[in-house]
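First comes the structure, then the notes that go with it.
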2 protein chains.
Amino acid sequence: MPMSNQLAPATAATFPVVHDAIAPRSWEPNEAASLAIDDVGLASTGSVLHFTQDQQVFGEGDQAEFLFKVASGVIRTCRFHGDGRRQIDDFHIAGDIFGLETSQHYQVSAEAVCDCMVIAYRRRGVEKRAPGNETLSQQLFLVALQSMNRAREHALLLGRRSAVEKVASFLIEWGQRAPASTTVTLAMTRQDIADYLGLTIETVSRTLSQLERDGLITLVTARRIEIKDVQALRALHG
Amino acid sequence: MPMSNQLAPATAATFPVVHDAIAPRSWEPNEAASLAIDDVGLASTGSVLHFTQDQQVFGEGDQAEFLFKVASGVIRTCRFHGDGRRQIDDFHIAGDIFGLETSQHYQVSAEAVCDCMVIAYRRRGVEKRAPGNETLSQQLFLVALQSMNRAREHALLLGRRSAVEKVASFLIEWGQRAPASTTVTLAMTRQDIADYLGLTIETVSRTLSQLERDGLITLVTARRIEIKDVQALRALHG
DNA sequence: CGATTGCTTGATACCTCTCAACCCAGGTGG
DNA sequence: CCACCTGGGTTGAGAGGTATCAAGCAATCG
């Protein structure tokens with residue numbers, strides 16, 4: 001567990017506080033801030049950690065000692081199947097909380113999609129302070145509800161039949177998260193996208209090419225996609 | 001909205017209270033009770049409603065005025081797409097809470113899979129009483145987390161590639177919910193199952209037949225399935 | 001009984017997976 | 001500077017699985 005390496009020298013509450021200054025709600029370092037959930041309840045006790053690309057934050061089955069918030073970068077939560085296949089549960093960007101669990105153990109693994117800063121909060125500490133702290137309780141409740149919503153939307157997305165619908169939905173969704181212009185910049189590889197959508201890497205690639213041929217998007221580079229026809233894309237998503 | 005019809009004459013807090021006596025945690029009327037979440041915080045203010053098969057409890061987009069708990073029967077939450085396709089988000093059995101939302105509007109519709117009794121709680125009332133009521137707050141928090149878990153598991157299930165895996169997973173999961181013997185009794189139609197798994201009705205039927213030919217299950221009737229080889233089924237479930 | 005509804009089964013088309021080759025950009029080292 | 005290597009991405013051909021269309025069966029109900 002790479003995490004313990006980093007937490008050992010840096011115990012909770014020793015790191016500088018991270019209030020709203022922490023990060024823009026985007027994985028790109030230069031976006032404007034708009035935190036969905038403010039930091040009043042949590043931020044005063046977190047320790048800041050750094051993870052490099054593909055480094056694991058925690059593994060499925062580990063003791064769920066911490067709660068995390070993304071400060072910058074993108075974290076993916078996922079699960080691995082016996083045959084080596086991977087299923088990505090969600091992508092988390094700055095401001096998102098992950099690692100919230102009912103059980104004592106994490107039900108998914110968490111890994112850095114790119115270089116990341118995350119803030120770790122001791123779960124015990126949070127749980128101890130939650131009763132009586134209305135702000136914190138409400139905040140956690142909201143986080144849980146939002147996680148529920150996201151998981152639900154993901155399930156409904158995966159239920160869609162065709163690859164085009166899935167890929168279009170993904171572009172729309174990811175485009176909304178980083179509220180840039182019409183140009184979407186992907187933080188993740190095709191493999192990540194495929195594992196998120198329940199497709200293969202080749203199908204994702206082919207579908208993107210197809211969307212480009214149809215004039216809905218332009219593949220500026222592999223990771224930069226310009227959306228030419230939002231309407232049509234939304235129609236597919238619809 | 002059929003609900004308002006029923007709530008109009010029966011305003012909140014007029015109905016008899018429903019404590020733990022309400023229902024066994026199973027959609028079958030004769031199962032043993034084992035509520036995952038106790039009722040202390042909620043039950044004192046709910047009104048009991050009845051819904052017949054396929055009747056709508058609420059629709060996507062409706063004002064989310066109420067919070068519901070299943071007393072008996074099975075409720076499905078789902079969403080409809082433009083082309084008429086339906087995607088089922090979840091099945092809710094006795095003891096389950098549904099209709100919890102971040103937004104002011106329901107994000108999915110809710111319908112009765114079979115004849116159902118549900119308890120409706122005014123959302124405003126709950127929200128008013130939650131601060132300061134530790135039991136109720138924690139309860140709601142737990143419900144949100146459990147909903148998140150279920151949605152996540154559903155997403156991971158839908159990410160699985162093959163129809164066999166999906167159907168096997170569904171059988172295992174549903175079998176666990178009604179903790180009967182090795183015989184699983186389905187409350188829902190093949191269409192419901194198909195819309196939950198992102199498959200067609202024919203594929204579900206064929207897959208079940210295949211599982212029977214392979215000796216993993218026996219189709220006693222269309223709705224009663226005996227599990228002959230749990231191990232093998234779990235292996236498919238992955 | 002005929003009609004309806006839910007379910008099963010069959011034949012075929014289509015879409016996605018699989019396997020494979022190839023391309024391209026970036027990094028390394030001679 | 002260029003050859004080489006590597007990892008990520010694209011593209012092609014064929015196989016396989018699921019959707020689609022269609023027919024038939026069983027149970028239920030007026």
Side-chain angles (χ1 to χ4, degrees), chain A residues 52-54 74 76 81 83-88 113-114 157-168 170-171 184-214 217-225 236, chain B residues 52-54 74 76 81 83-88 113-115 157-171 184-214 217-225 236:
Chain A
T52 60
Q53 189 173 333
D54 292 327
V74 180
R76 63 172 173 257
H81 299 130
D83 52 5
R85 282 182 305 178
R86 183 185 64 168
Q87 174 74 29
I88 291 186
V113 171
C114 52
L157 164 62
L158 287 169
R160 310 193 138 282
R161 301 286 172 69
S162 75
V164 214
E165 287 175 321
K166 290 183 180 177
V167 171
F170 175 77
L171 286 177
V184 179
T185 307
L186 302 175
M188 65 291 287
T189 66
R190 296 287 188 269
Q191 187 65 62
D192 285 329
I193 301 176
D195 291 347
Y196 180 73
L197 298 178
L199 298 171
T200 58
I201 183 178
E202 294 96 331
T203 300
V204 171
S205 186
R206 269 188 260 271
T207 306
L208 286 171
S209 302
Q210 186 59 51
L211 287 173
E212 182 170 36
R213 272 193 295 278
D214 295 349
I217 63 174
T218 305
L219 293 162
V220 186
T221 72
R223 301 291 187 95
R224 293 195 78 85
I225 298 177
L236 285 174
Chain B
T52 60
Q53 188 174 333
D54 291 327
V74 178
R76 63 171 174 256
H81 299 130
D83 52 5
R85 282 183 306 179
R86 182 184 64 168
Q87 174 75 28
I88 292 186
V113 170
C114 51
D115 277 27
L157 164 63
L158 286 170
R160 310 193 138 281
R161 303 285 170 71
S162 74
V164 213
E165 287 176 321
K166 290 182 180 176
V167 172
S169 298
F170 175 77
L171 287 177
V184 179
T185 306
L186 302 175
M188 65 291 287
T189 66
R190 295 287 187 270
Q191 187 65 61
D192 285 329
I193 300 176
D195 291 346
Y196 180 73
L197 297 179
L199 298 171
T200 59
I201 184 177
E202 294 97 330
T203 300
V204 171
S205 185
R206 269 188 259 272
T207 305
L208 286 171
S209 302
Q210 187 59 49
L211 287 174
E212 182 170 36
R213 273 193 294 279
D214 296 348
I217 63 175
T218 305
L219 293 163
V220 186
T221 72
R223 300 289 188 97
R224 294 194 79 83
I225 297 177
L236 285 174

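Below, chains carry the letters A, B, ... as their sequence lines are ordered, and counting in each starts from 1.
Rounded to 10°, the helix from C:dC1-D:dG30 to C:dG30-D:dC1 has 20° between the axis fitted to its first five pairs and the one fitted to its last five.
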Between the protein and nucleotides 28-30 of chain D, which nitrogen or oxygen pairs are less than 3.5 angstrom apart?
none

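Look at CD on B:Gln210: it is 15 Å from C1' on C:dG10, rounded to the nearest Å. Following rounding to the nearest Å, A:Leu208 (CG) and D:dG8 (P) show an atom-to-atom distance of 17 Å. What separates CZ of B:Arg224 from P of C:dG6 is a distance of 20 Å, to the nearest Å. The interatomic distance linking A:Gln191 (CD) with D:dG7 (C1') rounds to 12 Å, in whole Å. In this structure, CG of A:Leu158 is placed 15 Å from C1' of C:dT16, rounded to the nearest angstrom. Put simply, CG on B:Leu219 is 11 Å from P on C:dC7, counting in whole angstrom units. Distance A:Arg223 CZ to C:dC24 P: 18 Å, rounded to the nearest Å. If you take CG of A:Leu186 and P of D:dG8, they are 15 Å apart, rounded to a whole angstrom.
With A:Arg190 contributing its side chain and A:Glu202 its backbone, the two residues share no donor-acceptor pair below 3.5 Å. Without hydrogens or angle criteria, B:Arg76 side chain to B:Tyr196 main chain gives no donor-acceptor distance under 3.5 Å. Between the side chain of A:Arg206 and the backbone N or O of A:Ile201 there is no donor-acceptor pair closer than 3.5 Å.
Screening A:Leu208, A:Leu211, A:Thr185, A:Thr218 against A:Ile225 for a side-chain contact (heavy atoms from CB on, under 4.5 Å) leaves a single residue, A:Leu208.
Residues satisfying the side-chain contact (heavy atoms from CB on, under 4.5 Å) criterion with B:Asp115, sequence neighbours excluded, are B:His50, B:Thr52, B:Gln53. Every residue meeting the salt bridge (charged side-chain N to carboxylate O under 4.0 Å, His left out) condition with A:Arg86, not counting sequence neighbours, appears here in chain and number order: A:Asp192, A:Asp195. With sequence neighbours excluded, no residue forms a side-chain hydrogen bond (donor to acceptor under 3.5 Å, both in side chains) with A:Ser205. A:Asp214 pairs by the salt bridge (charged side-chain N to carboxylate O under 4.0 Å, His left out) definition with nothing, not counting sequence neighbours. Checked against salt bridge (charged side-chain N to carboxylate O under 4.0 Å, His left out), A:Arg85 has the following partners two or more places apart in sequence or in another chain: A:Asp83, B:Glu165. Evaluation of the side-chain contact (heavy atoms from CB on, under 4.5 Å) rule for A:Ser209 yields A:Arg213 as partners, not counting sequence neighbours. Qualifying side-chain hydrogen bond (donor to acceptor under 3.5 Å, both in side chains) partners for B:Thr207, counting only residues two or more places apart in sequence or in other chains: none.
Using a 4.0 Å cut-off, no side-chain N or O of A:Arg190 falls inside it from OP1 or OP2 of D:dG7.
Out of C:dC7, C:dT9, D:dG9, the shortest distance to the side chain of B:Thr189 is found at C:dC7.
If you check every strand for non-hydrogen atoms under 4.0 Å, B:Ser209 touches sugar and phosphate atoms only.
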Mark up nucleotides 14-26 of chain D, 5' to 3', with B wherever a protein heavy atom is under 4.0 angstrom from a base atom, S wherever such an atom reaches only the sugar-phosphate, and - elsewhere. ----SSBB-----

